[in-house]
Amino acid sequence: MTDINTDQAKAERFDWDGAEYSARVNKRKRSELRLKAIGLTAIAAALGMLFLLLSSLISTGYHAFTQTHIKFDVTYDPEFINPDNLARSDYRGLIREVMRENFPEATDDDLRMLSGILSNAAQFKIRDRIVEDPSLLGQTISLNIPVSDPYDQLNKGLINRDTPEQFRRVNDAEIAAFDVLVSRDVVTKPFNWALFTNADSRFPELAGLKGAIVGSFYALLICFALSFPIGIGAAIYLEEFAPRNKVSDLIEVNINNLAAVPSVVFGLLALAVFIGWFGMPRSAPFVGGMTLALMTLPTIIIATRAALKAVPPSIREAALGVGASKQQVVFGHVLPLAMPGILTGTIIGLAQALGETAPLLLIGMNAFITAAPSTPFDSSTALPTQIFIWADSPERGFVSRTSAAILVLLGFLIFMNAIAIFLRNRFERKW
Amino acid sequence: MSFAKLTVTALVAAAASASAATARDAVRIVGSSTVFPYSQAASEEFANQTGAPAPIVESLGTGGGFQAFCGGIGEGFADITGASRAIKKSEFDLCAGNGVTDITEALIGFDGLSMALSRTNDFDWDMTLAEVYQALGAQVEVDGEWVDNPFQTWDEINPDFPAVDIVVIGPPPTSGTRDAFVEIAMHAGCEELDYVKNGGFDGDWVEENCSRMRTDGPFIEAGENDNLIVQQLNANENAIGIFGYSFLYENLDALKGVKLNGVEPNLDTIGDQSYPVQRPLYFYVKNAHRGVIPNLQELIEEYVSDNALAPGGYLTERGLVPLSDARRAEMQENVISGKSMDGPES
């Protein structure tokens, strides 16, 4: 008894307002503040990095979203056009003639230089119009023609006019001729639709992402068509039907490990098996899609199992209680309730697959192809591999186009992740 | 369920188009990353002019290109491979072993390897190949001894050079540019050293001892991306970069070439072969595919046409250094007629 009394006395004697206690409180408060400060610094550093990335991409990439064009009146002069063979007439000569009309005092040498202002595609653009509509022969139409890359750079202010002439991509005479055109108000800088409607090209002013976007779309479609049903099937069996034993444990461990396998390994597998043994075509989005499906499968299986697990047992028991079979329970009740979670996981898996480069490089999807694929079996590139090709090209115009392509890829990723978030918020059920 | 429907539709669509994939209608070109831009240009011009299916051009490196090219005859194998050196005997034998015996060789022109640095550096750089080797070799001659490279600043090699640290950024060992640089510049520079000249060493000794770049810092391996090297040169005015001439040509406003043996790299000096570091560029055609793969013959004709290869042609505009008129005419005749090449000596 006395012991307890003295303890109580001690406790009563503790001074809650004393210096010792408030020092301890302050110390705890300080350490909490420190923790907060460290956390804030970490977030600020991460945001800073993101800002740095985005601002460097945007500051170099925004140039690629516009393209300098020149408006010319083109007369389909029968002197240059052979009505029997519209596809292979002298369109270079026609362009030279257009330039002669615009610069009447120019010599032949000047005309070659002046023709160089226009993109190499000018002749094909002029050709395609008359091939489409042969009645244009002898008529004059007004055409908006892209200029070649050095002049595009000049017009965007990326070429410094103070640089000594011999080190510049465009010389003084070329700049003077271009300035004449600018003063005549025929030079415009509209939005660069070619970036989305053209396939790849060796000329930056013509290069676009159409081939890459279509290729990525086909690859993702195949990837989805394979990995979604197989992944859900595997997850349902493992979660709902499989007996708990060593074999299923082993399978589970392997699936979790597969999710962490570097993607380049799947690329090597695809190269050896799909292309080597099965003799499938190289560079085809179909093979790319199968490779990405291998990579996406574990992600979908894991997400699906988590979503199935989250459906409360009471649902299953109630259904079983009114006499439903196991299959009816799974497909009639559990799966529909788990679908939002499964879709979220799938979309995030597909978004990952969209940005994946290494396996596609190994199966040859980094080829140079000037046409977009029309089936999943045609050769094509994908968005990340297109970025890879452009980053390696010597022409100046590809510097900004590489950044622009990265921005487009980021745009698609953000869009897909936004859908995933929307689905989760819209359909997710709280129990 | 709509997902199931979507899946089934996609699979049916895929299966339906599978039959279309069995016949290849586009030409496949593989090979060296140096020849890649030229193959690109010829393919694009060909597709634009004729409306034929766009050829597929893949950059696999010279060695990787021959691996794919020599794999056999048939739709699964490439029709043309580009190379930044002549085919080796081992590669020719590999081809022959797989039934690819009838090959035509086309020498399309030359490519210079340039050393360049930022224009903000105002020293007029002019080196001999021996000095290049002394700056970059793993082992060099010092006072008659063959030792690990001790040079850290340029003035230790040649007192006329500025006293700045040696910083050279170059391609990694996997790159064809690196192979060519070692073979052409480093070996030649090594053979100019007194120790090697007077020591009576043979080619094998040079191959064994002069092929390694130093790894103690002054030589920096950049990635395969030459644009990255260009950016690093802009950031450090004393750094010198090694890359293909086409990258110097595109960036002449920011970079200047280092003279080698007193010769500046430009189209003229590479064309008349007075610039010492340059290599021939080839492509090889599988003749068994001519007439079988649609458009192959027409593409080859476009590739070797004057429109592409003559001075002022669209390949020379991309930095290719053209052949003399006589050699070009002979090459065009051989390539278009499909003259079968003999096996190389080594």
Side-chain angles (χ1 to χ4, degrees), chain A residues 87-88 112 120-121 123-124 127 159-160 163-164 166-169 199-203 206 211 218 221-222 224-226 228-229 232 275 279-284 286 289 331 335-336 339 343 364 366-371 374-380 389 391-396 398-399 402, chain B residues 1 3-4 6-11 13-14 16-18 20-22 24 26 28-30 33 36-37 39-41 43-45 47-51 53-60 68 75-76 78 119 224-228 230 244 246-247 249-256 312 314 318-319:
Chain A
R88 304 209 78 163
R112 183 171 314 136
N120 182 58
Q123 44 175 326
F124 305 119
R127 177 194 67 187
I159 288 179
N160 186 354
T163 320
Q166 67 268 35
F167 309 140
R168 245 189 274 126
R169 286 286 278 115
D200 199 6
S201 166
R202 84 197 134 106
F203 300 103
L206 305 176
Y218 279 140
L221 189 72
I222 301 289
F224 176 78
L226 288 173
F228 191 67
I232 290 186
I275 295 180
M280 291 181 177
R282 267 181 84 83
S283 322
F286 182 74
F331 287 97
L335 194 57
M339 213 26 120
L343 282 181
N366 56 339
F368 171 80
I369 306 154
T370 53
S374 47
T375 71
F377 296 93
D378 294 341
S379 298
S380 91
I389 299 173
D392 223 9
S393 305
E395 283 83 1
R396 276 295 182 79
F398 279 119
V399 175
T402 305
Chain B
M1 214 163 47
F3 303 110
L6 185 68
T7 316
V8 171
T9 332
L11 283 178
S17 45
T22 49
R24 177 151 72 84
R28 283 207 89 104
I29 306 178
V30 294
S33 53
F36 181 65
S39 299
Q40 270 184 319
S43 303
E44 185 173 2
E45 190 72 21
N48 277 339
Q49 292 283 1
T50 62
I56 299 145
V57 191
E58 236 184 294
S59 158
L60 299 175
E75 279 175 358
R119 284 211 179 268
E224 292 266 12
N225 185 335
D226 289 344
N227 272 328
L228 213 63
V230 172
S246 53
F247 279 83
Y249 179 75
E250 284 287 334
N251 291 285
L252 270 178
D253 56 345
L255 302 181
K256 61 177 178 183
Y314 59 83
R318 284 206 114 182

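Throughout, protein chains are lettered first and strands after them, A, B, ... in sequence-line order, and every chain is numbered starting at 1.
A heavy-atom distance below 4.5 Å is not found between the side chains of B/Asn48 and A/Gln123. B/Val30 places none of its side-chain heavy atoms less than 4.5 Å from the side chain of A/Arg282. Under the 4.5 Å side-chain criterion, counting only non-hydrogen atoms from C-beta, B/Glu58 is not in contact with A/Ser379.
Per-residue counts of heavy-atom pairs under 4.5 Å with chain A were compared for B/Ala54, B/Pro37, B/Ala41, B/Pro53; the largest is that of B/Ala41. If you tally non-hydrogen atom pairs under 4.5 Å between each of A/Ser380, A/Ser283, A/Gly289 and chain B, the highest count goes to A/Ser283. When the candidates B/Val230, B/Val57, B/Ile29 are compared by the number of heavy-atom contacts under 4.5 Å with chain A, B/Val57 comes out ahead. Between chain A and the residues B/Leu255, B/Asn251, B/Ile56, the largest count of heavy-atom pairs under 4.5 Å involves B/Ile56.
If you measure heavy-atom distances from A/Asp378 to chain B, you find no contacts under 4.5 Å at all. At a 4.5 Å heavy-atom cutoff, the contact between A/Thr163 and chain B is made by side-chain atoms alone. With a threshold of 4.5 angstrom between heavy atoms, B/Ala47 approaches chain A through side-chain atoms but not through N, CA, C or O. Residue A/Phe203 touches chain B through both its backbone and its side chain, counting heavy-atom pairs closer than 4.5 Å. For chain A, the nearby part of B/Leu60 is the side chain; its heavy atoms alone come within less than 4.5 Å.
Checked by atom type and distance alone, the side chain of B/Glu44 pairs as donor or acceptor with a backbone atom of A/Arg202 at under 3.5 Å.
Between the CD atom in B/Gln40 and the OG atom in A/Ser393 there is a gap of 6.0 Å [rounded to 0.5 Å]. Once rounded to the nearest 0.5 Å, the distance linking CD1 of A/Ile159 with CG of B/Asp253 reads 7.0 Å.
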